[in-house]
Undergrad: 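Below is one structure. I have some questions about it.
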Protein chains: 2
Amino acid sequence: MNVRVRHDAIVRILRRNGTSTIDALAEEVGASRRTVLRDISALRDAGYVIHSDVGRGGGLQLDPQSVQTSARLTVPEIFALLISVAAMRAAGNLPFSKLADAGLAKIEKALPSDKVKDLRNFLDCLHVGPLSPLQDLSDMGRMTPDLLPAFERAFLGAHFIRFDYRDAKGRKTQREVEPQAMLILPPLWYLVGWDPTRSDFRHFRMDRISQPKAMADTHFRRRHVPFEEDVCPYSELQS
Amino acid sequence: MNVRVRHDAIVRILRRNGTSTIDALAEEVGASRRTVLRDISALRDAGYVIHSDVGRGGGLQLDPQSVQTSARLTVPEIFALLISVAAMRAAGNLPFSKLADAGLAKIEKALPSDKVKDLRNFLDCLHVGPLSPLQDLSDMGRMTPDLLPAFERAFLGAHFIRFDYRDAKGRKTQREVEPQAMLILPPLWYLVGWDPTRSDFRHFRMDRISQPKAMADTHFRRRHVPFEEDVCPYSELQS
DNA sequence: AAAAAGGTGCCAAAATATGGCACCATACGT
DNA sequence: ACGTATGGTGCCATATTTTGGCACCTTTTT
């Protein structure tokens, strides 16, 4: 039996039985007492909290809080998780958000450090506005993960982004702006871009954006994005 | 050098250099060409996308989208992440939520199967209502991760939950109810409980709950929780 | 055609994991 | 006080896995 498989088996048995002795574990996984002891030691090193009671009636006990799992996530997936949790947290000091943060912090720690810096920079561009009443979502859903890579590249590399936009009146235009921030007014998301030809900020509903493309050969500087109600009135954004 | 460490080293080198040959990798990690080839094969099996160009001027190239990370998360942390993403998704078909789901699906796959079933059951009890306008949050924040274990145990084990409750008028009572659902009306969270002594549903603001305790020796059955506006009027909940 | 690259199969050698043993410490019951 | 059941450690020979070397194949560029 593979080491990994055996470790998983031991965790499973401990979780199932609540408590177990080393000899019982050894018999069930088909390994020697000595090996199981080594496995327990390895599991503790890996972060599992395993209590042990010595003496008659004693045994091993896995702290149920410490059941852990390890999944390999891609960077865009981590990105998406971070955004979800950041938006939740910004929308109010919700229960569990601290715990979710702790989980994400672990994920971050496992990332290459340059990627972490990139993610933090992106989150700095994330603004969550006042929560809006629920509305008709029939127009939503056109924002697909396909759009993410271009946005990620544009934000992280400080590149201009070019995309096709369909405005509230259905007119289609091609735009090219500096992606300065993302504004979240649930359930709608907006790209806040600086339009250099108009020398002004413009807001774009994410679900009306298509074919985004980061212009890798261009660069821009971060600006201070105004988010006061009067600068970016709610009613106008919803249109 | 440890296998795991060497795999990480190879990924790091490929990320850094963009492209590299097997011989160069072998020299840098201090292993043989054959071993590196085996490592590449293992990494591909593990989900990394590694392109290879054969012939003069060729080499290996790691698809930057496939950079992965692996962090060990505890069950409560995963729980919290699931809740965040589920709430976000329920609040509207937000950008990135599909991708976040994909990430969570991977995390779920790495969990023991019985835990996954538990989590799904819990998420079934999660109702997200209409989003409310942002309000004064000064009263929030008393919901701490400390409360989570008791709620988790109570929901997953279908145990009664007993807690101290401070109502809108500041009166303190001890309650014992069947935890039937969680209702999310951002930024407030409610426990929806069936009170057997009153034979009716009652809603409790999570931030007014303290000292929750799952009664491990009791059991209840899931009920159909009504969530129509008239049964559980929004204005009443906010009080 | 030659050179430079990725890739596979095989086998002996090196490294690592395992099992067995002796032994220690602690707790509980008689 | 003693025996027994439990977790825990050190050591070493043995079993298993990983590694390196080699021969050889395919593809691509010069």
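Proteins come first, then strands; the chains are lettered A, B, ... in the order of their sequence lines, and each starts at number 1.
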Undergrad: Calculate the interatomic distance between A/Leu43 atom CG and D/dG7 atom C1'; express it in whole Å.
TA: 16 Å
Undergrad: Are B/Lys172 and B/Asp164 within salt-bridge range, i.e. N to O under 4.0 Å?
TA: no
Undergrad: For A/Ile40, report the nucleic acid contact type (base, sugar-phosphate, nothing); a contact means any heavy atom under 4.0 Å.
TA: nothing
Undergrad: When you measure from the side-chain N and O atoms of A/Arg38 to the phosphate of C/dT16, is any distance below 4.0 Å, counting only OP1 and OP2?
TA: no
Undergrad: Measure the distance from CZ on B/Arg6 to C1' on D/dT17 and round it to the nearest whole Å.
TA: 13 Å
Undergrad: Nearest 0.5 Å, what's the CG-CD1 distance between A/Leu62 and A/Ile13?
TA: 12.0 Å
Undergrad: Would you mind reading off the distance between B/Ile22 atom CD1 and D/dG21 atom P, rounded to a whole angstrom?
TA: 15 Å
Undergrad: Calculate the interatomic distance between B/Leu25 atom CG and D/dG20 atom P; express it in whole Å.
TA: 14 Å
Undergrad: Side chain of A/Thr21 only, please: which of D/dT6, C/dG19, C/dG6 is the nearest?
TA: D/dT6
Undergrad: Starting at CZ of A/Arg4 and ending at C1' of D/dT17, how long is that distance when rounded to a whole Å?
TA: 16 Å
Undergrad: Which is more 5' along DNA chain C, the nucleotide nearest A/Arg56 or the one nearest A/Gly30? Just name the residue.
TA: A/Gly30
Undergrad: Does a side-chain N or O of B/Thr35 approach OP1 or OP2 of D/dT18 to a distance below 4.0 Å, or not?
TA: no
Undergrad: Enter the distance from B/His219:NE2 to B/Phe160:CZ here, rounded to the nearest 0.5 Å.
TA: 10.5 Å
Undergrad: Counting only side-chain heavy atoms from C-beta out, which of C/dT18, D/dT18, D/dG8 sits nearest to B/Val3?
TA: D/dT18
Undergrad: Tell me whether B/Glu28 is salt-bridged to B/Arg16, with the criterion being a basic N under 4.0 Å from an acidic carboxylate O.
TA: yes
Undergrad: Below 4.0 angstrom from OP1 or OP2 of C/dG19, is there any side-chain N or O of A/Ser32?
TA: yes
Undergrad: Among side-chain atoms of A/Asp195 and A/Thr197, is any donor-acceptor pair under 3.5 angstrom?
TA: yes
Undergrad: Just to be sure I understand the rule, does A/Ser20 reach a base, reach only the sugar-phosphate, or reach nothing, if contact means heavy atoms closer than 4.0 Å?
TA: sugar-phosphate
Undergrad: Please report the distance, rounded to the nearest Å, between CG in A/Asp39 and P in C/dT18.
TA: 6 Å
Undergrad: From the options D/dT19, D/dG8, C/dG19, select the nucleotide whose nearest atom is closest to the side chain of A/Leu37.
TA: D/dG8
Undergrad: Among the candidates D/dT27, D/dG7, D/dT19, find the nucleotide nearest to the side-chain atoms of B/Val54.
TA: D/dT27
Undergrad: Starting from C1' on C/dA5, measure out to CD on B/Gln61 and report it in whole angstrom.
TA: 14 Å
Undergrad: Just how far, in rounded Å, is P of C/dG9 from CZ of B/Arg34?
TA: 9 Å
